[in-house]
A.B. asks: 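After the structure tokens below, expect a handful of questions from me.
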2 protein chains.
Amino acid sequence: MAREQESVGALAPLAGYHLRRAWSAFSSDFSAAMEGTGLRQVPFAVLSVVAANPGINQGAVGRVLGIKRANMVSLINELVDKGLVDRAVDPNDRRAFSLKPTDGGTATLEDAVARIAAHEQRMLADLSPQEQATLLDLLGRIERRAPEIEEAA
Amino acid sequence: MAREQESVGALAPLAGYHLRRAWSAFSSDFSAAMEGTGLRQVPFAVLSVVAANPGINQGAVGRVLGIKRANMVSLINELVDKGLVDRAVDPNDRRAFSLKPTDGGTATLEDAVARIAAHEQRMLADLSPQEQATLLDLLGRIERRAPEIEEAA
DNA sequence: TATTGTTATACTCTATAACTATA
DNA sequence: TATAGTTATAGAGTATAACAATA
């Protein structure tokens with residue numbers, strides 16, 4: 001007897017539901033792609049932002065990525081402990097740390113970017129380049145509706 | 001002095017990154033939309049699947065939604081305790097529970113669906129109906145690349 | 001032997017509140 | 001008074017392993 005196909009009911013037409021499922025699929029394959037590097041999703045994102053903005057401080061990284069200050073602490077500690085990020089007191093503002101990638105961090109980022117390029121190709125294999133561009137455009141227009149991060153007054 | 005705009009670096013062209021940010025924006029607004037109902041994202045999804053497939057059991061709900069058996073237990077307990085789902089031993093298979101929505105569960109689901117419709121309209125306000133359909137199509141084609149759930153042998 | 005549901009447990013991610021040191 | 005970073009902590013969400021009852 002053939003397996004009956006269950007319906008997802010009210011979820012079927014919801015963009016939010018499909019966004020979640022698509023993201024979840026990406027997420028699993030991302031982890032597989034990064035296996036052995038010791039870099040997870042969020043630390044990779046932090047390293048990307050630090051590399052693109054040398055001298056940036058923790059709070060700014062958090063605001064760019066939607067991560068709270070309190071949660072940045074252990075993320076940066078982790079990257080510093082792994083020798084991927086250099087943390088130094090900012091001479092212009094001694095409360096803040098100035099962050100920049102180490103040489104090892106730059107190399108690790110390059111390796112990660114190559115792995116992730118392959119991962120993205122896998123996940124988007126059914127979409128034409130035109131459709132991939134459309135997807136980025138549509139997602140970008142949704143993202144802009146996100147609330148700003150950080151403790152509101 | 002104008003605030004310098006930080007770059008996200010290597011993240012900028014990644015569909016996975018934008019998927020995550022878009023989902024995150026949806027997620028926050030979903031929580032706000034459901035405020036006061038006591039229904040969160042995953043329990044709502046479970047209730048939707050139970051309502052669409054009366055008599056379904058826990059394991060099947062989990063497989064449809066990508067939730068592990070072990071994690072279904074407290075989800076179903078929660079919905080039963082709230083009086084939204086009815087759980088009875090399946091007479092055809094006494095290992096399994098047959099799940100169906102209570103009258104209260106059906107009413108709660110209807111209320112939730114209305115709130116979520118408004119939430120989706122908010123989040124997709126910048127997209128034409130045509131673009132919304134395109135988004136669902138593209139996400140659906142990504143979702144299909146997700147691995148099947150449950151303890152692989 | 002396989003499957004349904006269960007318990008116990010652990011790890012990641014995210015959230016809040018209160019603190020310090022500098023500005 | 002506001003901001004950068006910190007600590008402690010709590011709640012979701014998700015993962016594994018081992019077990020009982022039933023198929």
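Letters A, B, ... are given to chains in the order of the sequence lines, protein chains preceding strands, and every chain is numbered from 1. The structure displayed is predicted, hence computed values, not measured ones.
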A.B. asks: At less than 4.0 Å, is any side-chain N or O atom of B:Arg40 found next to OP1 or OP2 of D:dG13? Yes or no.
C.D. replies: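 B:Arg40 to D:dG13 OP1/OP2: side-chain N or O found under 4.0 Å.
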A.B. asks: Just the rounded figure in Å: distance from P of C:dT12 to NZ of A:Lys68.
C.D. replies: 21 Å
A.B. asks: Using ring-ring contact (aromatic ring centres under 6.0 Å, His included) as the criterion, list what pairs up with A:His18, not counting sequence neighbours.
C.D. replies: none
A.B. asks: In whole Å, what is the span from the CZ atom of A:Arg95 to the P atom of D:dA4?
C.D. replies: 6 Å
A.B. asks: Quick one: CG on B:Asp111 to CE on B:Met34, what's the gap to the nearest 0.5 Å?
C.D. replies: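 Result: 7.5 Å between the selected atoms.
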A.B. asks: Hey, can you tell me if B:Phe30 and B:Phe44 have their rings parallel, tilted or perpendicular (30° and 60° cut-offs)?
C.D. replies: tilted
A.B. asks: What's the closest nucleotide to the A:Ala70 side chain, out of D:dT7, C:dG5, C:dT14?
C.D. replies: D:dT7
A.B. asks: Would you kindly give the CE-to-P distance between B:Met72 and C:dA8, to the nearest whole Å?
C.D. replies: 19 Å
A.B. asks: Just call it for B:Asp90: base, sugar-phosphate, or nothing, with non-hydrogen atoms closer than 4.0 Å on any strand.
C.D. replies: nothing
A.B. asks: Between the opening five pairs and the closing five pairs of the helix from C:dT1-D:dA23 to C:dA23-D:dT1, how far apart are the helix axes, to 10°?
C.D. replies: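 Roughly 0° between the end axes, to the nearest 10°.
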A.B. asks: Specify the separation, in whole Å, of atom CG of A:Asn71 and atom C1' of C:dC13.
C.D. replies: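 Taking CG of A:Asn71 and C1' of C:dC13, I get 7 Å after rounding.
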A.B. asks: Using atom CD1 of B:Ile67 as one end and atom C1' of D:dG13 as the other, report the distance to the nearest whole Å.
C.D. replies: 10 Å
A.B. asks: Which nucleotide, D:dT6, D:dA4, C:dT14, lies nearest any side-chain atom of A:Arg87?
C.D. replies: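 Of all the options, the side chain of A:Arg87 is nearest to D:dT6.
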A.B. asks: Whole angstroms only, please: what is the CD-P distance between B:Gln58 and C:dG5?
C.D. replies: 5 Å
A.B. asks: List for me each residue that meets ring-ring contact (aromatic ring centres under 6.0 Å, His included) alongside A:Tyr17, sequence neighbours excluded, and say none if there are none.
C.D. replies: none
A.B. asks: Consider the side chain of B:Asp93, meaning its heavy atoms from C-beta on, and name the nucleotide among C:dG5, D:dT22, D:dG5 that approaches it most closely.
C.D. replies: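 The closest nucleotide is D:dT22.
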A.B. asks: Search all heavy atoms of B:Thr102 against all heavy atoms of B:Asp86 and return the closest pair with its distance.
C.D. replies: CG2-N, 3.9 Å
A.B. asks: Respond yes when some side-chain nitrogen or oxygen of B:Arg94 is under 4.0 Å from OP1 or OP2 of D:dA23, and no when none is.
C.D. replies: yes
A.B. asks: How many Å lie between CZ on B:Arg63 and C1' on C:dG5, as a whole number?
C.D. replies: 12 Å
A.B. asks: Has A:Asp81 got more than 12 heavy atoms of other residues, nucleotides or ligands less than 6.0 Å from its CG?
C.D. replies: yes
A.B. asks: Closest nucleotide of DNA chain D for A:Arg20 versus for A:Asn77: which of these residues is on the 5' side?
C.D. replies: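 Per heavy-atom nearest nucleotide, the more 5' residue is A:Asn77.
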A.B. asks: Verify the cluster assignment for A:Leu14 and A:Ile142: are they in a single hydrophobic cluster under the rule of side-chain heavy atoms below 4.5 Å apart?
C.D. replies: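 No, because A:Leu14 and A:Ile142 fall into different hydrophobic clusters, even though each may have its own neighbours under 4.5 Å.
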A.B. asks: How many Å lie between CZ on B:Arg69 and C1' on C:dT3, as a whole number?
C.D. replies: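 The answer, rounded to whole Å, is 7 Å.
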